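Worksheet: one structure, shown below.
A note on names: the letters A, B, ... follow the listed sequences, proteins ahead of strands, and every chain is numbered from 1. As the structure is a computational prediction, the values presented were derived from the model and not from experiment.
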Amino acid sequence: MKQKIEALILQAIDTLKIEGDLARGVSPSIVIERTRDPLHGDFACNVAMVLAKSANTSPRLLAEKILAAIPSDVLLLKAEIAGPGFINFFVDSRTQFRVLQQILTEADAFGCSQIGADKKVQVEFVSANPTGPLHVGHGRGAAYGSAVADLLAAVGFSVEREYYVNDAGRQMDILATSVWLRYLEACGEAVVFPSNAYRGEYVREIAHALYELSGTLYQRSINSIMQAIPADEPQGGDKDIHIDALIERAKSLLGVAQYQAVFEMGLNGILEDIKQDLHEFGVDYQQWFSERQLMDDGSVQQALQRLDTAGFLYKQEGATWFASSRLGDEKDRVVVRDNGQSTYFASDIAYHMQKLDRGFDQIIDIWGADHHGYIPRVRAAMQALGANTDKLTVLLVQFAVLYRGEERVQMSTRSGDFVTLRELRAEVGNDAARFFYTMRRSDQHMDFDLQLATSKTNENPVFYVQYAYARICSVLRQLAEKNIQHDIEQGTENLQLLTELNERELLTALTRYPEVLERAALQYEPHQLIHYLRELANNFHSYYNAHQFLVESADLRNARLNLICAVQQVLRNGLTLLKIKSPETM
RNA sequence: GCGUUUGUAGCUCAACCGGAUAGAGCACCGGCCUUCUAAGCCGGGGGUUGCAGGUUCGAUUCCUGCCAAGCGCACCA
């Protein structure tokens, strides 16, 4: 309908151009809006106000001319000028009825479209370091990222979901060493656990599994380990120097193969946990992309080579630098340290080179907001590699600030003191967790009160939407108990009986669904879908309280059943898209 | 200090590339269950959209300054 009105207005404008009321050069972008107030009709257009200046006339006068030039159309009940120069359109309710037929026919596919035209889009999200279980901050990225990916898929993009696994670097060595030390404890060695190691309980579990699997194979005496190791912080030393020395000691005492085995044990243990966790949360990936692989298969070297060829690398003080400041970054960045090791950024350059080479039309990176300063350098790298940086979209997710009642919950992976996503899911359930996370704009700060979410789950808004769905299911059960059939055809023939205000509002809401999906997808804003579902549920609850559906008159009854079945279908489509269950009873 | 994001009802948040009287939920007050699930509905109070300017038919939205908060400013990842 929107397109229809847009076409009509364009025709009118062309007419005015021919008649000389408008300059031929102007080609306004026509904006058709849903009206907020029913008094303003169904759709409104502001084109007269936009063009008034260039036409050298007042908005209302121009609006009248446009109005007069709009071809008549059976679908248009009337159009009128209002306010400062809006043209308001009133749509024939028969066109609204069509959507019911469409919903009942298309069923699960209703709302989906092909706007994406099969363009290849990659969405990379979560990508948390595999040094511990996901916490509630990652949960927001997971819920948001998967919702964005699923929305894009729903409107016709070919979507690939990817998790970048940072399985290289110092943090992973600290993890491996942490596992080894806990393992030594299990072997009976008296270990003083470093202050900078990973202290979470999960490290112990992995260490025990290692002990179960391999016995004392990796055991070394604590004396040989601690010999000449610089003191830890609590003993007046430096915690970083201490842990780095222990890492080196682990490597030398265990040898390459055994160290690798311990390392893998830690990595795989955590990675499997993360995969399982996300899967249970309704988040599945097509690709888990390993940073180590980039280093091993020469991609990092190749990427640096390409930057060098393009003239963007130089040496200084023993390190190799990428001249990103020439491409908008605030300063140059090191890509190879003076000790010969490439930096994390070098891996990321290679990673984005890979993304480009894999032929995506669009690359979407979803990062925690604390990484926002990282964007210019990645853009610079892509540009230096000769790519169009428009292909890259970085979406930022603000961390949720956790509260327990009034008290702010501090979180630190290192100390093991954090609320995991798994714990949250267990306490509030997957549905509530997803709904909560997705309810808010992702780039907005968010307060997540655990006490509220866990102790008063009945007040959770997710139930409001699910309840509307369950109520419709219940009506249909009542119908079956009374041995009455829902005659869809008879309903369709009697839709004109749906004259109540509640019914008209529901119809309008239903016609909006495909538009909401499209907007939510293209703007990467799944919260719009949540808000829509709440409105639809609200419209339904009001209707439910005001009118009886299972009335004597079969004509009216079937028409109303058509309507609520359509509502049921759209609620289910929306909830399913967000990976939230649609319960038939509550 | 520089960069960046954000300031909307008591609290948590919306507001469609700038649109008409800024909306929901929670909390508060008052109504509605002999009728399809009251996890619901109906009504009410509650706002100088941080402050001050600017741009224009029109600004919560765009620009400038100020105030406040978060984040970033590594040869860490």
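- Protein atom CZ of A/F549 is 10 Å distant from nucleotide atom P of B/U37, rounded to whole Å.
- Comparing the same atom, C1', in B/G45 and in B/A9 gives a spacing of 11 Å after rounding to whole Å.
- Each of B/G72, B/C73, B/A20 was ranked by its minimum atom distance to the side chain of A/A44; first place goes to B/A20.
- Heavy atoms of other residues, nucleotides or ligands lying less than 6.0 angstrom from NZ of A/K251 number more than 12.
- At the heavy-atom level, A/T320 lies nowhere under 4.0 Å from the strands shown.
- B/C67 and B/C51 have their C1' atoms separated by 7 Å, with the value rounded to a whole Å.
- One can find a donor-acceptor pair under 3.5 Å joining the base of B/A20 and the side-chain atoms of A/N88.
- A gap of 27 Å separates the P atoms of B/U4 and B/A59, to the nearest Å.
- Taking the charged nitrogens against the carboxylate oxygens, A/D390 and A/R379 have no contact shorter than 4.0 Å, which rules out a salt bridge.
- At the phosphate of B/C41, OP1 or OP2 sits under 4.0 Å from a side-chain N or O atom of A/Y464.
- Residue A/Q171 has its side chain nearest to B/A77 when only B/A39, B/C13, B/A77 are considered.
- At the phosphate of B/G40, neither OP1 nor OP2 sits under 4.0 Å from any side-chain N or O atom of A/S542.
- Atom pair A/K482:NZ and B/U35:P shows a separation of 12 Å (rounding to whole Å applied).
- Between A/F540 atom CZ and B/C36 atom P there is a gap of 13 Å when expressed in whole angstrom units.
- When the C1' atom is compared between B/G50 and B/A69, the two are found 11 Å apart, to the nearest whole Å.
- Rounding to whole angstrom units, OH of residue A/Y351 and P of B/A77 are separated by 17 Å.
- Side-chain contact, A/E503 with A/Y543: a donor N or O sits under 3.5 Å from an acceptor N or O.
- With hydrogens and angles left out, the side chain of A/N46 and the base of B/G19 share a donor-acceptor pair within 3.5 Å.
- Within the 4.0 angstrom heavy-atom criterion, no nucleotide atom of any strand lies near A/A52.
- Glycosidic conformation of B/C33: syn, with the torsion inside 90° of 0.
- Looking at heavy-atom distances under 4.0 Å, A/Q466 makes no contact with the nucleic acid at all.
- With both ends at atom P, the span from B/A22 to B/G72 equals 38 Å, rounded to whole Å.
- Across all strands shown, B/G19 pairs with B/C57; the Watson-Crick or G-U wobble distances both stay below 3.5 Å.
- Close to B/C13, at under 4.0 Å from its OP1 or OP2, lies no side-chain N or O of A/R441.
- Taking the nucleotide of RNA chain B with the nearest heavy atom to each of A/M49 and A/E584, the more 5' of the two is matched to A/M49.
- Aromatic rings of A/Y464 and A/H541 (six-membered ring for Trp) have centroids within the 6.0 Å cut-off, being under it.
- Between the side chain of A/N129 and the backbone N or O of A/T131 there is no donor-acceptor pair closer than 3.5 Å.
- Ring geometry, A/Y344 versus A/Y164: the interplanar angle falls from 30° to 60°, so the pair is classed tilted.
- At a threshold of 4.0 angstrom between heavy atoms, the contacts of A/F86 include nucleobase atoms, whether or not backbone atoms are also involved.
- In this structure, NE2 in A/H547 is found 10.0 Å from OG in A/S542, a value given to the nearest 0.5 Å.
- Put simply, CD on A/E535 is 13 Å from C1' on B/G25, counting in whole angstrom units.
- With a 3.5 Å ceiling on both atom-pair distances, the Watson-Crick or G-U wobble partner of B/C26 is B/G10.
- Rounded to whole Å, the distance from CD on A/Q528 to P on B/A14 is 11 Å.
- Base pairing analysis places B/G40 opposite B/C32; the two distances defining the Watson-Crick or G-U wobble pair are each below 3.5 Å.
- No contact: A/P59 has no heavy atom under 4.0 Å from any strand.
- Distance from the side chain of A/R471 is smallest to B/G40 among B/G40, B/A20, B/U12.
- A salt bridge is absent between A/E162 and A/K355; no separation between the charged side-chain nitrogens and carboxylate oxygens falls under 4.0 Å.
- Residue A/Y344 places its side chain closer to B/A77 than to any other of B/A77, B/U5, B/C75.
- Out of B/A15, B/A38, B/C13, the shortest distance to the side chain of A/Y544 is found at B/A38.
- Comparing the same atom, C1', in B/C17 and in B/C13 gives a spacing of 23 Å after rounding to whole Å.
- Counting any heavy atom pair closer than 4.0 Å across all strands shown, A/A319 reaches a base atom.
- Remark: the separation of the C1' atoms in B/A27 and B/G44 is 14 Å, to the nearest Å.
- Nucleic acid contact class of A/D338 (heavy atoms, under 4.0 Å, all strands): base.
- Applying the 3.5 Å distance criterion, the base of B/C41 shares no donor-acceptor pair with the side chain of A/H541.
- For B/C36, neither phosphate oxygen OP1 nor OP2 lies less than 4.0 angstrom from any side-chain nitrogen or oxygen of A/R560.
- Nucleotide B/G1 forms a Watson-Crick or G-U wobble pair with B/C73, both donor-acceptor distances falling under 3.5 Å.
- One can place CG of A/N538 at 7 Å from P of B/G25, the figure rounded to the nearest angstrom.
- Nucleotide B/G46 is matched to nothing when pairs are restricted to Watson-Crick or G-U wobble geometry with both distances under 3.5 angstrom.
- Of the listed nucleotides (B/A14, B/C71, B/A20), B/A14 has the atom at the smallest distance from the side chain of A/H527.
- Among the nucleotides B/U21, B/A15, B/G72, the one closest to the side chain of A/D37 is B/U21.
- Nearest nucleotide to the side chain of A/E525, out of B/A14, B/C42, B/A15: B/A15.
- The distance between atom NE2 of A/H531 and atom P of B/G23, rounded to the nearest whole Å, is 15 Å.
- Atom CG in A/L550 sits 6.5 Å away from atom CD1 in A/I484 (nearest 0.5 Å).
- One can find a donor-acceptor pair under 3.5 Å joining the base of B/G3 and the side-chain atoms of A/H372.
- Counting non-hydrogen atoms under 4.0 angstrom, A/R534 reaches the backbone sugars and phosphates but no base.
- Note: A/L533 CG to A/Y513 OH = 7.0 Å, rounded to the nearest 0.5 Å.
- Each of B/C17, B/G40, B/A20 was ranked by its minimum atom distance to the side chain of A/V31; first place goes to B/C17.
- With both ends at atom C1', the span from B/G54 to B/G47 equals 24 Å, rounded to whole Å.
- Side-chain atoms of A/A82 lie closest to B/A20 of the nucleotides B/A20, B/A39, B/A14.
- Toward the 5' end of RNA chain B, the nearer of the two residues A/Q478 and A/T35, judged by each one's closest nucleotide, is A/T35.
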